[in-house]
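Report on one structure; see the data block that follows.
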Amino acid sequence: MNTTEPYYITESKRICKVAGMDPNEVSRPKTFLSEVAFEQKRKSYSEILSVVSFFSNKLLDSLKGTPILVVVSDAAGYLLEIEGDETIKSTIEQFGIKPGSLFIQEETGTNVISLTLQQRHPISLIGEQHYHTFLQEIACYGTTFNYTDDNDLLGSVCIMMPIQFQNELFLSMLTQSVDSIERELLLRKQNKKLNIMNQIMLSRTRNGIVITDEKGITTEFNNFAQMISKNSRESVVGRNILESHLTGRYFKEVLESGKIFKNEEIKFEDDAGNLVVCLFDAQPIYEDDKMIGAFGQFRDISDRYTLQEQYNYLAFHDDLTNLPNRRYMNKEIESIIKELSTGHHKTLALLYIDLDRFKIINDNFSHSYGDKLLIEVSTRLSGCLAENEMLARMGGDEFIFLLQDFTDTDYVTAKAEEILQLLLQPFLVDGKELYTTASIGVAIYPDYPITMEQLMVYADNAMYQAKSQGKNRYVVHTSELLDAMLDDYMLEVDLRRALEKNEFVLHYQPQINNETGQLIGFEALIRWQHPTLGQIPPDKFIKLAEENGMITQIGEWVIDEACTQNKKWQDAGMTPVKVSVNLSTQQFLTRNLITYMEEVLERTGINPAYVVVEITEYMAMEYEYSIHVLEQLKALGIGISIDDFGTGYSSLNYLKNFPIDYIKIDKSFVSEIMNNEQDAVIIKAIISLAHNLHKEVIAEGVETKEQLEFLKTHQCDISQGYFFSKPLPVDEIERIYLDQ
């Protein structure tokens, strides 16, 4: 753990010392809300507290067995709710810490609530970081929660526990819970606005009724009809409805042929010149099978019509930047291509822009900063639009320029250069300078017909080429890029035949017990032995297999081959070891996975104790389905490992409830443990957490002796990586390990 205190904790303790606070004296809150004021405060926070309570209870449920307290305050520091361990709760009440008390530094010294509200970012306050000694046996984690649309501070959520239970993962869990709280609060806030709008619309809706006799003479014209049409009842009743320029033709067909009309849209202007839009229904009225008249109904939908127009606008515009969206841009490109196909002499080009490092900004500053940055980027990009050009946001951090009617292609590349230069200057977002560059793919419509989809693919591929070349640049789509696309297509064709031609092979990477140094297993890794291209690593063809639906067949081959090979080794006298295989998402979600595993176990005769399947955290997000499948695999006797732990949607709930045997630390953490203290802390936390849950830890990507020693020191169970061996083909495995 980093022993260096954050500056704000050091400063807080200094202030306490200057103020003359005795660190050995219990410092109690001195300000309390009256009973009436407290109830009023809770009433004003009732909806907020219900949301916070829901998610804090989920947090408490996920940490059952850990003595933990969740404390909620308002923006000023008044405690509104304390939930969790009753022993801790009763202990702190002895110090005057209870709902209604005010937690401020001036009265209670260095504390997690005051610091969280001051800093407005997640903080930890552990042990001796507290000023008062009576608080130094606890670990505290806290963060604020806000209305994210206007960054309005609502309060803080803090968790407290005995110091021996401290774990930095708790701060991540708390932050994830608060993200959920903020999303729910914002959703409720937006729903309130929508409900108010709906009530206004409903209160202004009017229905008008018109009734005629069999000849079309109007016999009834109600008040709502008068209000809608601005015609008085006296001016309409007694007149023939067939003379009406608005509804005469409808009533004529009703009375002459018994036709029924529903939801006919009628538009007219009232006396003030305002547009009135109505839905009109009309049908005959019968008595004893004889038509005796007609009934018509107007429903004033003017407000709804206007709102629908707004919705139509939103359907074709991005709600964050107000730029045209993907749907709008696609229609525009299709329209221009249609003109080109009819012989119009036009030029057309697309500049597909993807911001570089945007994910880093989102991850480090929050999504609200990311959204504000996108608005600033869209404003700056809009400033370089010339006449007859269009800018759209395609989604996420992707924008597209549509250029047309330019005289030569130099104009297009000059525009790309202009955009790159525009983005070099920093963006000021909430007082912070943020930097981003762009990768731009340029596609110019050729002198032969192509579709909108093809043109978009050209621009998209060129953009990805710009990214792969180092970002902050543009790449123009050329025939060479097209050739590369065709190469991918041909590779996909070859991939479809690879299984039947037995072109796949498995390589095996040893897994070593850190305590004994003994081999305890292998991970099976697929390779493609292409007849002309040579050996192709999985990162070159797995994505293709996922896109064309072959990944499940390939995955089944891997399972069968790995089990068959392991049984051969055992039959040849090799000490039995486990072999682990990776399941793809599609394979995991396949309904016949369990049946297939049963067939393989029976066909190969392998003991399921020597088979391990690896899944990712992403697969586990389908909680109900995942736990059912994993329990079935476990019932077969197969081992289960969570792969790449910490890089996806990590959840302690998964670790607690899923029948997992191994947690596999991703190599991205292992590679930096000697250089990055945060990665080292994360690895230690994962190992501690896994062991407390009685699960073994595998570290992958171990490449140096120093990394191995670190893992051994912190009781990591198993290691694999190039320090021991790269993945090896069967014959080398047999020579090195079986012969021994």
Side-chain angles (χ1 to χ4, degrees), residues 499 502-529 538 553-584 587-588 592-615 629-643 659-664 695-700 702 717-740:
L499 265 179
N502 296 317
E503 292 173 1
F504 291 119
V505 295
L506 289 184
H507 285 193
Y508 298 86
Q509 187 169 39
Q511 297 175 328
I512 306 300
N513 184 296
N514 286 338
E515 183 176 351
T516 66
Q518 296 296 310
L519 173 75
I520 57 94
F522 296 105
E523 181 179 2
L525 299 163
I526 191 170
R527 301 292 186 265
W528 179 9
Q529 198 65 44
Q553 294 172 266
I554 293 173
E556 289 179 349
W557 177 86
V558 170
I559 292 170
D560 185 85
E561 180 68 14
C563 290
T564 300
Q565 184 61 63
N566 198 13
K567 188 64 167 65
K568 285 181 181 177
W569 284 332
Q570 292 178 14
D571 291 344
M574 181 178 179
T575 301
V577 295
K578 300 176 187 290
V579 170
S580 61
V581 294
N582 294 280
L583 294 182
S584 71
Q587 191 176 7
F588 184 68
N592 68 344
L593 173 62
I594 302 301
T595 303
Y596 181 76
M597 293 301 300
E598 290 173 335
E599 291 173 358
V600 170
L601 294 174
E602 182 176 358
R603 181 171 64 253
T604 62
I606 186 76
N607 185 331
Y610 298 110
V611 179
V612 178
V613 295
E614 296 187 11
I615 68 168
V629 172
L630 294 178
E631 286 174 348
Q632 288 182 297
L633 288 171
K634 197 67 181 171
L636 293 177
I638 293 170
I640 298 168
S641 175
I642 287 280
D643 197 13
I660 298 165
D661 302 291
Y662 306 95
I663 295 173
K664 203 168 188 183
K695 304 179 190 308
E696 292 188 81
V697 180
I698 302 173
E700 62 178 354
V702 179
D717 304 291
I718 301 163
S719 293
Q720 73 177 84
Y722 277 30
F723 180 77
F724 301 103
S725 172
K726 67 179 181 179
L728 300 172
V730 169
D731 57 348
E732 290 194 50
I733 290 290
E734 292 175 350
R735 178 177 59 81
I736 297 172
Y737 294 97
L738 185 58
D739 290 347
Q740 292 179 357

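Residue numbers run from 1 in the order of the sequence given.
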Do I512 and I520 have side chains that approach each other closer than 4.5 Å (heavy atoms only, starting at C-beta)?
no
First locate atom CD1 of I660, then atom CD of E696, and finally report the distance between them rounded to the nearest 0.5 Å.
13.5 Å
Walk me through it: do N514 and D717 pass the test side-chain contact (heavy atoms from CB on, under 4.5 Å)?
CA-CA 6 Å; N514 286 338; D717 304 291; 5.8 Å; no
Measure the shortest side-chain to side-chain distance between Y610 and S580 over non-hydrogen atoms and say whether it is less than 4.5 angstrom.
no
To the nearest 0.5 Å, what is the distance between CD1 on I615 and OG on S584?
12.0 Å
If you take all heavy atoms of M597 and I638, which pair is closest and at what distance?
CE-CD1, 3.4 Å
Polar contact flag, side-chain donor to acceptor under 3.5 angstrom, E523-N582
yes
Roughly how far apart are K695 NZ and I642 CD1, rounded to 0.5 Å?
9.5 Å
CD (Q565) and CD1 (I606) are apart, to the nearest 0.5 Å, by 10.5 Å
In terms of heavy-atom contacts, does CD of E631 have more than 12 from other residues, nucleotides or ligands at under 6.0 Å?
yes
Name the orientation class of the two ring planes belonging to W528 and F504 (parallel below 30°, tilted from 30 to 60°, perpendicular beyond 60°).
tilted
Closest non-hydrogen contact found for T564 with T604 is OG1-CG2, 3.4 Å
Residue pair K568 / V730, side-chain heavy-atom distance below 4.5 Å:
no
For S641 and K664, the nearest pair of non-hydrogen atoms, with its separation, is OG-CB, 4.0 Å
Report yes if some heavy atom in the side chain of E700 is under 4.5 Å from a heavy atom in the side chain of D643; otherwise report no.
yes
Which value, rounded to the nearest 0.5 Å, describes the distance between W557 atom CH2 and L506 atom CG?
4.0 Å
Got I640 and V613 here, is their nearest side-chain heavy-atom distance under 4.5 Å?
yes
Test item: I554 and L499 side chains (from C-beta on) under 4.5 Å apart, heavy atoms:
yes
Rounded to the nearest 0.5 Å, how far does CD of E515 lie from CD1 of I718?
11.5 Å
Got Y737 and V577 here, is their nearest side-chain heavy-atom distance under 4.5 Å?
no
Non-hydrogen atoms of F522 and L519 that approach each other most closely
CZ-CD2, 3.6 Å
Less than 3.5 Å apart, any donor N or O on the side chain of Q511 or Q720 sitting next to an acceptor on the other?
yes
Side-chain heavy atoms of I663 within contact of I698, under 4.5 Å
no
Nearest heavy-atom neighbours spanning Q509 and S725
NE2-O, 3.0 Å
Note: R735-D731 ion pair, threshold 4.0 Å (strictly below)
no
K578 to N566 - nearest heavy-atom pair and separation:
C-ND2, 4.4 Å
Stepwise, does the side-chain contact (heavy atoms from CB on, under 4.5 Å) test hold for L636 with V611?
CA-CA 10 Å; L636 293 177; V611 179; over 6 Å; no
Quick one: ring pair (Phe, Tyr, Trp, His ring centres under 6.0 Å) partners of Y508, sequence neighbours excluded?
W569
